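Take a look at the structure set out below.
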Number of protein chains: 2
Amino acid sequence: MATVLKIRTKTSPAAGQSHAASSCDVSPAAKLPLGTILAGDCIAAMAAIPDDSIDMVFADPPYNLQLGGNLLRPDGSTVDAVTDDWDQFASFAAYDLFTRNWLAQARRILKPAGSLWVIGSYHNIFRVGTAIQDAGFWIMNDIVWRKSNPMPNFKGTRFTNAHETLIWAAFDEKAKYTFNYRAMKTLNDELQMRSDWLLPICSGQERLKHDGVKVHPTQKPEALLYRIMLATTRPGDVVLDPFFGTGTTGAVAKRLGREWIGCEQEARYRDAAMERIRSALPLDERAIKTMQSKRQAPRVPFGMLVEAGYIAAGTMLVDKKRRFSAFVRADGSLDAAGATGSIHAVGAQLQNAPSCNGWTFWHVMHEEGLKPIDTARQLYLLANEE
Amino acid sequence: MATVLKIRTKTSPAAGQSHAASSCDVSPAAKLPLGTILAGDCIAAMAAIPDDSIDMVFADPPYNLQLGGNLLRPDGSTVDAVTDDWDQFASFAAYDLFTRNWLAQARRILKPAGSLWVIGSYHNIFRVGTAIQDAGFWIMNDIVWRKSNPMPNFKGTRFTNAHETLIWAAFDEKAKYTFNYRAMKTLNDELQMRSDWLLPICSGQERLKHDGVKVHPTQKPEALLYRIMLATTRPGDVVLDPFFGTGTTGAVAKRLGREWIGCEQEARYRDAAMERIRSALPLDERAIKTMQSKRQAPRVPFGMLVEAGYIAAGTMLVDKKRRFSAFVRADGSLDAAGATGSIHAVGAQLQNAPSCNGWTFWHVMHEEGLKPIDTARQLYLLANEE
DNA sequence: CCCGTACGTGAATCTCATG
DNA sequence: CCATGAGATTCACGTACGG
């Protein structure tokens, strides 16, 4: 199936070389529609781009969300869902065909040393990843964008969907791709940049609005594109985005001295993007700050200590004066005479107090005497520093 | 391709019901090889398990089939290592076939309300995820296991690969799966559990060693299985692991009062696993209890509280801001200016809201202030526990 | 001008038993 | 199959407004 859609094999570097050689005195870059947004379907638009001419393709394709009816928040308000036509596909097969088609074009126009980046969620990323591998790309990393402020799961039916996944792939297994290792290490306080990135979603001033309404439902944060381009392109490189939307890729490319090309079907997105890129100012300080990984102290829930065996389920906890006792359950809740709940809630309830710091209130019995459960938390933090 | 491997459709609950009905006086669980490790190929081993009999399948499938030098065919025979494009595609196809075969068995033995969990890395997880969707499972979440102590990338050629990905899937879109929302929220200090989990890799005392050498190359931490089982199974549920290895799944299942079945080809892993599970200590019944959601609590109609005198007919109820008031009638309905009906319906109508939880909206006036009528329900439940 | 509170909102596959 | 009604359910920010 994959081979049908694979436009060319291009396994040997020689093929790319000969093509470059054939382009006479005009450099391939001169023919590229740099700094423009191509209208229409991205597959057709990419067909106008020469082979082996793009240094990076960044793609944020439709996720094929398949949402049901309206979703209400606990306060009764309605969630503004992504129900746009461009996200609707008849079947997985239709989505796969669409994916393989645009990937085939992306592969054709990408230089042998170029990088492919795609972002998605669990709805589509597995299909996209499979197609990337089948097309012959070589996956370098999957990157997890951990959202610091995701939308909660309002109905309590699943885990909060708090991340999206990016795939970074080189042209093939042998490709000489660009990876600015030092830049990434510097950005991360002299520690190797990990595959999980903590970044806020796009909101506030950065979010494009028209009459107070967001222009695009899924605008990506500039900090995300900033890190991607800094990691895998060089100044002057050409970045193409087949799903340009409101032009985050273009704005960041301009900021970082990279060239850009976009493809976008919807005129109102194209207009907003051109306007935005024209007036692009240096990344505001907030955006840059969020990219430098804060050495934030990880929060350690009591349940994690139970899970990790620092305090076993079944342990009996007591307060300092041994007036109260409580039993630790598997989920980190406490079971005391007449009260169950968190270490804080049970402590408060037993004392008939409005609140209670369970970490210092509850103790574990040792031979040497009582130890507050907070010491277990300290031990955990020591052992699991990132 | 997917349909070929789909053993049965099992879309209608009726199919599962009729099967259960046909099992005469012997319960399906009685026929299961609980607490044992089935030797040999997992696909053949699972064939001996009855339909619709397993509550959770946890799978940690191999993902180095095309990387470890020798390429394995789905039947276990080896293919000469190859590097050109066609054979790379062939290796993906072989891996996909293997994946779809064991998934088909997993789907067959899973109860309609059961859960599937699979863990993998970027080498294989996209192919596995696609196969999961094609088999008809419904993905609930993808979970990122963030490793607090990952192996660094020594050559500085990529981002540190600091996570693995898990997929949690229900049988199909309509399935009534188990999710212990409250237990997860409690485990995470009263915040919704997110899709990114920070856990250390398996090391230290937990890591099984023989003569100082690790027994299994990819032993998973018990904390990971602990969270998975606490989230999506109940005590007494049957968990099957087709790639049992050294038995982390079995050890945690025993600890949490779940039943387990393993499949493992290698005798030395089976031996290590049995020894390990033998010495694992089960938690007592009280410790494996977790926080329950209100949905699982027995329903108490408001009228019953009126009947029992917890809230007298004739009482005046008000909302928190005292903007609305309503009069309690003998049958538990409310009578407010311009609206009569249930506590929920009247609350919604007065606020002009789509819905309203009357239990938390309406309050009774006490000397100390307002108290939500939900506290009366809690008292009633406490007094009438069985 | 500062601080506290209230309100709005983000790629979301978001209830369930009963008739 | 669908309609109905009870009733369960949210986290992190940015912005606006009032004192």
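Since we're looking at a predicted model, the values are computed, not measured. The chains referred to below are lettered A, B, ... by the order of the sequence lines, with proteins before strands, and numbering in each begins at 1. Hydrogens, waters and symmetry mates play no part in the numbers below; they use all other heavy atoms, side chains included.
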Going by the angle between their ring planes, with limits at 30° and 60°, are A:Trp102 and A:Phe243 parallel, tilted or perpendicular? perpendicular
Rounded to whole Å, how long is the line connecting atom CG of A:Asp75 with atom P of C:dG8? 8 Å
So, using side-chain hydrogen bond (donor to acceptor under 3.5 Å, both in side chains) as the criterion, who are the partners of A:Ser195 when residues are at least two apart? B:His163
Any chance you could list the contact pattern along nucleotides 11-16 of chain C? Use B for base contacts, S for sugar-phosphate-only contacts and - for none, protein heavy atoms under 4.0 Å, 5' to 3'. BBBBS-
Just by modelled atom types, is the A:Tyr269 backbone N or O under 3.5 Å from a matching donor or acceptor in the A:Glu264 side chain? no
Under 3.5 Å, which N/O atoms of the protein pair with N/O atoms of nucleotides 4-6 of chain D?
residue, atom, partner, partner atom, Å
D:dA6, OP2, B:Ser342, OG, 3.4

Rounded distance in Å - CZ (A:Phe159) to P (D:dT10): 15 Å
When the ring planes of A:Trp197 and A:Trp117 are compared, do they come out parallel, tilted or perpendicular, using 30° and 60° as the limits? tilted
On the 0 to 90° scale, with breaks at 30° and 60°, tag the A:Phe126-B:Phe126 ring pair as parallel, tilted or perpendicular. tilted
Round to a whole Å and report the spacing from CZ of B:Arg377 to C1' of D:dG7. 8 Å
Please tabulate, one pair per line, each protein N/O and nucleotide N/O from nucleotides 17-19 of chain D that are separated by under 3.5 Å, including the distance.
none

Pairwise salt bridge (charged side-chain N to carboxylate O under 4.0 Å, His left out) hits with a residue in residues 325-336 of chain B, at least two apart: none
Taking Watson-Crick and G-U wobble contacts under 3.5 angstrom, with | marking pairs to another strand and [ ] crossing pairs, the secondary structure of DNA chain D is written .|||||....|||||||||
d(CG, A:Leu199; C1', C:dG10) in whole Å: 15 Å
Please check if any side-chain donor atom of A:Ser121 sits under 3.5 Å from a side-chain acceptor atom of A:His123, or the reverse. yes
Below 30° counts as parallel, above 60° as perpendicular, anything between as tilted: where do the rings of A:Phe159 and B:Phe179 land? perpendicular
